[in-house]
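Following: one structure in structure tokens, then a few remarks.
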Number of protein chains: 2
Amino acid sequence: MAGLMIGELARRTGVHIETIRYFEKVGMLLKPDRTGGGRRVYAESHVRALNFIKRARELGFSPDEVRAILSLGGPQAACCDEVRQIAIHHLDQVRRKMLALARIESLLTSTVEHCSGDHVPDCPIIEMMESAAPQRA
Amino acid sequence: MAGLMIGELARRTGVHIETIRYFEKVGMLLKPDRTGGGRRVYAESHVRALNFIKRARELGFSPDEVRAILSLGGPQAACCDEVRQIAIHHLDQVRRKMLALARIESLLTSTVEHCSGDHVPDCPIIEMMESAAPQRA
DNA sequence: GTGCCATCTGTAGTGGCTACAGAAGCAAGA
DNA sequence: TCTTGCTTCTGTAGCCACTACAGATGGCAC
């Protein structure tokens with residue numbers, strides 16, 4: 001267990017060096033030890049935490065949600081109901097986004113179908129975009 | 001046709017005053033006339049353009065796409081193939097996003113289902129988030 | 001000692017707005 | 001005419017989640 005320099009950690013996790021330091025600055029990643037010369041030395045736990053952060057962000061969890069989960073003990077702690085609640089809430093948000101996108105998709109699809117691409121007035125695409133329809137949720 | 005002050009335009013379109021000025025600055029909205037005292041006076045065409053911009057942004061068109069459509073003659077011009085191409089391209093992007101979200105949704109759903117919420121080790125949620133799966137497209 | 005890469009800190013840039021400060025326009029009332 | 005009070009003006013800074021750069025060290029091989 002010699003510990004990793006930041007470059008090696010970046011290589012292993014695919015997270016930019018600057019982003020790793022940023023995560024530390026904003027409290028998402030624990031401050032690592034330092035060498036005598038002031039360089040960061042990371043432990044295996046940092047690799048796990050960083051992979052977790054990366055994955056959670058890819059899944060669309062907000063930084064605050066990630067922080068919340070990490071503050072519950074982090075990846076190495078046992079699962080608890082709070083983690084589940086956050087995940088369920090996030091799932092709900094994902095489903096809302098899917099619904100919104102589905103509405104947009106069907107609107108665009110049907111509109112594009114009705115457009116000939118000719119230089120006719122009353123283009124259905126422009127027309128649709130000018131009519132300000134309500135965007136609920 | 002007296003023309004509108006910026007506040008009235010904001011009220012009619014639901015776009016913040018600062019945002020209207022911002023759209024002008026970045027070239028999405030034509031510079032309006034000014035009163036002797038330097039205040040902006042908008043025409044009916046600005047109302048149409050602003051509604052169009054707002055709607056297109058709500059539908060997820062990028063600022064560049066909006067600018068592209070507007071540069072083709074704007075809402076009042078006849079439809080042309082280029083508008084259709086932009087819309088089709090955007091529709092493609094929307095469908096990609098839907099697929100990505102669907103993957104995330106199913107992963108989250110099945111994972112949450114397997115989590116009891118108890119304080120057990122090997123929590124499926126944490127475990128899933130630690131395994132760095134590739135996120136293609 | 002020298003060369004050279006890795007790392008350090010601190011600051012500034014990105015996009016798409018949003019918010020504020022301080023000055024000035026402008027209409028109505030005293 | 002002067003004041004009050006709202007609206008608008010310009011310009012600058014803030015937001016978030018990073019990303020990029022500048023200039024100074026660390027630390028190892030030769």
Side-chain angles (χ1 to χ4, degrees), chain A residues 2-43 46-47 49-70 90 93 97 135, chain B residues 2-43 46-47 49-70 90 93 97 135:
Chain A
L4 300 84
M5 293 284 98
I6 198 168
E8 177 67 13
L9 180 62
R11 215 180 47 69
R12 275 217 218 167
T13 58
V15 177
H16 289 164
I17 287 179
E18 291 94 341
T19 308
I20 294 173
R21 285 195 286 247
Y22 169 75
F23 284 157
E24 179 184 329
K25 197 174 73 173
V26 299
M28 288 174 78
L29 200 59
L30 281 178
K31 286 183 194 300
D33 289 340
R34 300 275 186 148
T35 65
R39 309 198 155 190
R40 293 170 177 84
V41 182
Y42 294 96
H46 288 101
V47 181
L50 194 48
N51 273 327
F52 172 81
I53 293 168
K54 188 191 179 200
R55 184 98 166 100
R57 296 292 291 121
E58 281 170 359
L59 290 172
F61 284 85
S62 73
D64 274 351
E65 286 172 324
V66 174
R67 252 186 292 263
I69 295 176
L70 287 169
H90 177 56
Q93 299 296 109
K97 266 188 209 159
Q135 277 299 101
Chain B
L4 301 85
M5 293 282 101
I6 197 168
E8 177 66 12
L9 180 62
R11 215 180 47 70
R12 275 218 218 166
T13 58
V15 177
H16 289 163
I17 289 179
E18 291 94 340
T19 308
I20 295 173
R21 285 195 287 248
Y22 169 75
F23 284 157
E24 180 184 330
K25 198 174 71 172
V26 299
M28 286 174 79
L29 200 60
L30 281 178
K31 285 182 194 300
D33 288 341
R34 300 274 185 147
T35 66
R39 309 198 156 190
R40 293 169 177 84
V41 182
Y42 294 95
H46 288 102
V47 181
L50 194 49
N51 274 327
F52 173 80
I53 294 168
K54 188 191 179 200
R55 184 98 166 100
R57 296 290 291 120
E58 281 171 359
L59 290 173
F61 284 84
S62 73
D64 274 351
E65 286 172 325
V66 175
R67 252 186 292 263
I69 295 176
L70 287 169
H90 178 56
Q93 299 296 108
K97 266 188 210 159
Q135 276 298 103

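Sequence lines set the chain letters: A, B, ... in the order given, protein chains first and strands last, and positions in each chain run from 1.
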Partners of B:D64 by side chain to side chain contact (heavy atoms under 4.5 Å, CB included), sequence neighbours excluded?
B:S62, B:R67

Nearest heavy-atom neighbours spanning A:V41 and A:G3
CG1-CA, 3.9 Å

Considering residues at least two apart in sequence or located in another chain, which fulfil the side chain to side chain contact (heavy atoms under 4.5 Å, CB included) criterion with A:L30?
A:H46

Bend angle of the helix from C:dG1-D:dC30 to C:dA30-D:dT1, from helix axes over five pairs at each end, nearest 10°
30°

Whole-Å gap separating C1' (C:dC17) and CD (B:E58):
15 Å

Below 3.5 Å between N/O atoms, which protein atoms pair up with nucleotides 4-6 of chain C? Just atom names and distances, please.
unit_1, atom_1, unit_2, atom_2, d
C:dA6, N3, A:R39, NH2, 3.0

May I have the step-by-step check of side chain to side chain contact (heavy atoms under 4.5 Å, CB included) for A:H16 and A:I20, ending in yes or no?
CA-CA 6 Å; A:H16 289 164; A:I20 294 173; over 6 Å; no

Go through it in stages, so that I can follow the logic: the residues are B:R21 and B:R40, the test is side chain to side chain contact (heavy atoms under 4.5 Å, CB included), and I'd like the CA-CA distance, side-chain angles, deciding distance and then a yes or no.
CA-CA 10 Å; B:R21 285 195 287 248; B:R40 293 169 177 84; 3.4 Å; yes

Under-4.0 Å side-chain N/O to phosphate OP1/OP2 contact, B:T19 with C:dC17:
no

From CE of B:M28 across to P of C:dG16 the rounded distance in Å is 9 Å

Toward the 5' end of DNA chain D, by each residue's nearest nucleotide, B:K25 or A:S62:
B:K25

Between B:P63 and A:E8, whichever has its closest DNA chain C nucleotide further toward 5' is A:E8

Qualifying residues under side chain to side chain contact (heavy atoms under 4.5 Å, CB included), relative to A:R11, sequence neighbours excluded:
A:E8

Atom-pair distance (CG on B:D64; P on C:dC17), nearest Å:
12 Å

Check whether any side-chain N or O of A:R21 sits under 4.0 Å from OP1 or OP2 of C:dT7, and answer yes or no.
no

Using atom types as modelled and distance alone, determine if a side-chain donor or acceptor of A:T19 lies under 3.5 Å from a backbone N or O of A:V15.
no

Between B:A56 and B:V66, which heavy-atom pair has the shortest distance, and what is it?
CB-CG2, 3.8 Å

Mapping B:R40 and A:T35 onto DNA chain D by nearest heavy atom, which one lands closer to the 5' end?
B:R40

Passes side chain to side chain contact (heavy atoms under 4.5 Å, CB included), A:Y42 versus A:L50? Steps please.
CA-CA 11 Å; A:Y42 294 96; A:L50 194 48; over 6 Å; no

To the nearest Å, how far apart are A:I17 CD1 and C:dC8 C1'?
11 Å

Nucleotide C:dT14, atom P - distance to CD of A:E18 in whole Å:
16 Å

Quick check for you: name the first and last nucleotides of DNA chain D, 5' to 3', having an atom under 4.0 Å from a heavy atom of chain B.
D:dT7 to D:dT10

Can you tell if the side chain of B:L29 reaches within under 4.5 Å of the side chain of B:L70, non-hydrogen atoms only?
no

By the 4.0 Å heavy-atom rule, please label A:R11 as base, sugar-phosphate, or nothing.
nothing

Can you name the closest pair of heavy atoms from A:M28 and A:I53 and give their distance?
O-CD1, 3.5 Å

